[in-house]
There are 2 protein chains.
Amino acid sequence: MTPIHSFKSAAAEKRSHQSYFKIGLSVDCVIFGYADKELQVLVIKSDLKEFAGQWSLLGDLVRPEEDIDEASYRVLEERTGLKNVFLEQAQAFGECDRHPSGRVVTIAYYSLIDINNHKLQFNENELSWKPVRTLKKMAFDHRKILDTCLQRLREQIFEKPLLFNLLPGKFALRDLQELYESVLGEPLDRRNFRKKIAVKEWLRDTGELERSVVHRPGRLYSRNQPGKRQ
Amino acid sequence: MTPIHSFKSAAAEKRSHQSYFKIGLSVDCVIFGYADKELQVLVIKSDLKEFAGQWSLLGDLVRPEEDIDEASYRVLEERTGLKNVFLEQAQAFGECDRHPSGRVVTIAYYSLIDINNHKLQFNENELSWKPVRTLKKMAFDHRKILDTCLQRLREQIFEKPLLFNLLPGKFALRDLQELYESVLGEPLDRRNFRKKIAVKEWLRDTGELERSVVHRPGRLYSRNQPGKRQ
DNA sequence: CTGAAAATATGTACTTGATACACATTAGGA
DNA sequence: TCCTAATGTGTATCAAGTACATATTTTCAG
């Protein structure tokens, strides 16, 4: 047993524990979006021959000089151009055989962005949005990572106003409810949903109404920014 | 940008990404116990000169050939001799400067054990139980890790029967309540506590009573093993 | 112009879980 | 035998979640 906390110096560490530094460390980002009334996730084609044709999450090795949180923000920004968005660590995945090319432990983060309000950086691989529902098999253990993050998201959406990040600036309550239903994977009662959201003061009534709907138009709301009193 | 998922082989990986393998990976275990009516945590004296005299959590580097979960079980077993106990991953901590001897990312786990029902392996350093309440400053970012795990524990104790791991085989309801109060850091109403626990069916009435108490003795309970019907 | 269709908007009863709180009971010790 | 210090239990209240029905508003078809 070689307790890490008894290292005497970085130099001694490198000599005596060489083999311990053979483990690669990465971050993987589960980036959720919403389109076609379905929860989507941003994925790229894996170009590992073991996973030919399969989709994988956006990830990268952590650089020696960056915090792991920084690494996740970097991956998100490189791929979507977005900064300063909600990004939360979910869990580390560290089974020996999870990466066919070597030992790589990954730390999973998840994030939510408005698909129509950003530009993807399509500079390599095939980057695309896929419905979470239809992604049966993914490269590596990425389906498991996705499920873990989705589970975490489900636990959070009534605690924090996360899902507003997936919607355009103005939306009807029905849009919001459909989004919640997509994420939770189950229908919600319209009246109870409205009440539940109402008490949280997450919404601001824009005074506008829906247009071009074939029925009575609903009110349009926007996210109530913290600190702003309506 | 060098996406990890496009590695062609382990050999190529080693050549082209040498610098990415300079990050050390460890696990740290927050091992809770209960004694003197206080929540305790298992710590050792740090022998890093930067943290002379300070306490640190039990941790070790992850070995190249073991899963991270395995690593945490190994650390726990090496220090306490215990196997097959509850051990849950809490969070990864990966700030660049968290370890003075180099870049080490750590994954925190927490566990709960009965202090009086195991033998500590005192083969090195000063290994001891310390009240969580009195540990103001710890080595590394270990106080932060401890707080994170404690927070996670608080969220779990009414969901899962975790705290029974800290108690002897037989205990009175008052003992259990005092333990909950220690963990939560706040007093609980005796009658409401009893009701809340009762509906969960975590307890089995042993039929015995407390002894040597200077008042009316309470019933002694043991943990109701799953599957066992009383 | 009118009525049908399809959605919005809202309120009420019920159930469940959490909280606040009071009184009778039992063993040990003086 | 009484006092002490707990145990053991029940009830009223409040908050949150759930189930459910009716009136209203717009567009579209005729």
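Excluded from the calculations below are hydrogen atoms, water molecules and symmetry mates; all remaining heavy atoms, backbone and side chain alike, are included. Note that the coordinates shown come from a computational prediction; the quantities given were computed from them, not determined experimentally. Naming: A, B, ... by sequence-line order, numbering from 1 per chain.
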Calculate the interatomic distance between [X] atom [atom1] and [N] atom [atom2]; express it in whole Å.
X	N	atom1	atom2	value
His215(A)	dT25(D)	NE2	C1'	11 Å
Phe193(B)	dC21(C)	CZ	C1'	18 Å
Ile197(B)	dG8(D)	CD1	C1'	16 Å
Glu186(B)	dA18(C)	CD	P	14 Å
Leu209(B)	dT26(C)	CG	P	12 Å
Arg219(A)	dT24(D)	CZ	P	15 Å
Asp189(A)	dA16(D)	CG	C1'	15 Å
Glu208(A)	dT8(C)	CD	P	17 Å

Notebook entry, point to check: Looking at dT12(C), does its base get a donor-acceptor pair with the side chain of Lys195(A) below 3.5 Å?
Noted result: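 Check passes, donor-acceptor contact within cut-off.
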Notebook entry, point to check: With a 3.5 Å cut-off and just heavy-atom distances, do the side chain of Arg216(A) and the base of dT26(D) make a donor-acceptor pair?
Noted result: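 Flag unset: no donor-acceptor pair detected.
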Check: Are Lys83(A) and Tyr73(A) in a cation-pi contact, defined as NZ or CZ under 6.0 Å from the six-membered ring centre and within 45° of the axis?
Finding: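 Lys83(A) over Tyr73(A) ring: no.
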Item checked: Distance under 6.0 Å and angle within 45° of ring axis: Lys170(B) vs Tyr221(B) ->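 Not flagged: Lys170(B) not positioned over aromatic ring of Tyr221(B).
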Phosphate OP1/OP2 of [N] contacted by [X] side-chain N/O (<4.0 Å):
X	N	value
Arg191(A)	dA19(D)	no
Arg190(A)	dA9(C)	no
Arg194(B)	dG8(D)	yes
Arg174(B)	dA6(D)	no

Next item on the list: Please figure out whether Glu210(A) or Asn192(A) has its closest DNA chain C nucleotide nearer the 5' end.
Entry: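 Nearest nucleotide further toward 5': that of Glu210(A).
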Next item on the list: May I ask you to say what Val213(A) touches in the nucleic acid, namely base, sugar-phosphate or nothing, with a heavy-atom cut-off under 4.0 Å?
Entry: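 Contact class for Val213(A): sugar-phosphate only.
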Next item on the list: State, without any angle test, whether Ser56(B) and Ser46(B) hold a side-chain donor-acceptor pair at a distance under 3.5 Å.
Entry: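 Checked: Ser56(B)/Ser46(B) side chains show no N/O donor-acceptor pair below 3.5 Å.
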Check: What is the minimum heavy-atom distance between Arg98(A) and Thr106(A), and which atoms define it?
Finding: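 Taking Arg98(A) first and Thr106(A) second, the nearest heavy atoms are NH2-CG2, 3.3 Å.
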Next item on the list: May I have the step-by-step check of side-chain hydrogen bond (donor to acceptor under 3.5 Å, both in side chains) for Tyr34(B) and Asp114(B), ending in yes or no?
Entry: CA-CA 7 Å; Tyr34(B) 184 59; Asp114(B) 176 6; over 6 Å; no
Checklist line | 5'-most by nearest nucleotide on DNA chain D - Gly218(B) or Lys196(A) | finding: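 The answer here is Gly218(B).
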